[in-house]
Amino acid sequence: MRVYIWLYILGACGTISLGMFLFSLNRDSILVKKLKLKKSKILLNWLLLAVSIISFLLLIYVFIYIQKQMNIFNLS
């Protein structure tokens with residue numbers, strides 16, 4: 001199971017950042033409308049979404065890479 005530690009780390013980072021994005025997006029968008037602030041105030045929310053998407057894409061890439069390595073070592 002030590003092989004899959006990066007998968008767990010990337011999955012946790014992606015899940016946490018996606019949860020923070022969903023939690024704060026509604027609250028911040030309501031505050032932007034009420035206080036009539038610039039929409040650039042919710043840039044952090046979109047950065048959290050980008051971090052979660054990148055984490056999930058890296059998770060898929062690392063999983064495929066680990067599977068390839070296991071297949072190479074098993075065929076030898």
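No hydrogens, no waters, no symmetry mates; every other heavy atom, side chains included, goes into these values. In this text, all values refer to a predicted model and were calculated from it rather than measured experimentally.
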*Asks:* Quick check on the hydrophobic clustering: are Phe63 and Ile9 connected, directly or via other members, by side-chain heavy-atom contacts under 4.5 Å?
*Replies:*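 Same cluster.
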
*Asks:* OG/Ser17 to CG/Leu22 distance, rounded to the nearest 0.5 angstrom?
*Replies:*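 Atom-to-atom, Ser17:OG and Leu22:CG are 9.5 Å apart.
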
*Asks:* So which heavy atom on Val62 is nearest to which on Leu10, and how close?
*Replies:*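 Taking Val62 first and Leu10 second, the nearest heavy atoms are CG2-CD1, 4.0 Å.
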
*Asks:* Is there a path from Phe56 to Trp46 through hydrophobic residues (I, L, V, M, F, W, Y) whose side chains come within less than 4.5 Å of each other?
*Replies:*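 Result: yes, single cluster for both.
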
*Asks:* Which distance, rounded to the nearest 0.5 Å, do you find between the SG of Cys13 and the CG of Leu58?
*Replies:* 10.0 Å

*Asks:* Hey, could you give me the CG/NZ distance between Leu31 and Lys33, rounded to the nearest 0.5 Å?
*Replies:* 11.5 Å

*Asks:* Knowing that exactly one of Val32, Asp28, Asn26 qualifies, which makes a side-chain contact (heavy atoms from CB on, under 4.5 Å) with Ile30?
*Replies:*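 Filter result, single survivor: Asn26.
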
*Asks:* Holding to side-chain hydrogen bond (donor to acceptor under 3.5 Å, both in side chains), I want the full list of residues that pass it with Thr15, two or more places apart in sequence or in another chain.
*Replies:*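 Checked Thr15 against side-chain hydrogen bond (donor to acceptor under 3.5 Å, both in side chains); zero matches.
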
*Asks:* In Å, rounded to the nearest 0.5 Å, how long is the span from CG of Leu44 to CE of Met20?
*Replies:*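 One finds 7.0 Å between CG of Leu44 and CE of Met20.
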
*Asks:* Working to the nearest 0.5 angstrom, can you tell me the gap between Asn74 CG and Gln69 CD?
*Replies:*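 If we round to the nearest 0.5 Å, Asn74:CG and Gln69:CD are 11.5 Å apart.
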
*Asks:* Please determine whether residues Tyr8 and Ile60 belong to a single hydrophobic cluster, defined as Ile, Leu, Val, Met, Phe, Trp and Tyr linked transitively by side-chain heavy-atom distances below 4.5 Å.
*Replies:*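 Different clusters: Tyr8 never reaches Ile60 through Ile, Leu, Val, Met, Phe, Trp or Tyr contacts under 4.5 Å.
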
*Asks:* Verify the cluster assignment for Ile54 and Val51: are they in a single hydrophobic cluster under the rule of side-chain heavy atoms below 4.5 Å apart?
*Replies:*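 No, Ile54 does not connect to Val51 through the hydrophobic network.
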
*Asks:* Taking only residues two or more places apart in sequence or in another chain, which ones pass ring pair (Phe, Tyr, Trp, His ring centres under 6.0 Å) with Trp6?
*Replies:*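 Ring pair (Phe, Tyr, Trp, His ring centres under 6.0 Å) check on Trp6 returns nothing, list empty.
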
*Asks:* What closest approach, in Å, do Leu18 and Ser52 show between heavy atoms, and which atom pair accounts for it?
*Replies:*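 It is N-CB, 3.7 Å.
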
*Asks:* Who pairs with Phe23 by side chain to side chain contact (heavy atoms under 4.5 Å, CB included), at least two apart in sequence or on another chain?
*Replies:*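 Applying side chain to side chain contact (heavy atoms under 4.5 Å, CB included) to Phe23 gives none.
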
*Asks:* Ser24 and Leu48: which non-hydrogen atoms are nearest, and at how many Å?
*Replies:*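 Reported closest heavy-atom pair: OG-CD1, 4.5 Å.
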
*Asks:* Check whether Leu57 and Phe21 end up in the same hydrophobic cluster, where Ile, Leu, Val, Met, Phe, Trp and Tyr are linked by side-chain heavy atoms less than 4.5 Å apart.
*Replies:* yes

*Asks:* In the structure I gave you, are the side-chain heavy atoms of Tyr4 and Leu7 within less than 4.5 Å of one another anywhere?
*Replies:* yes

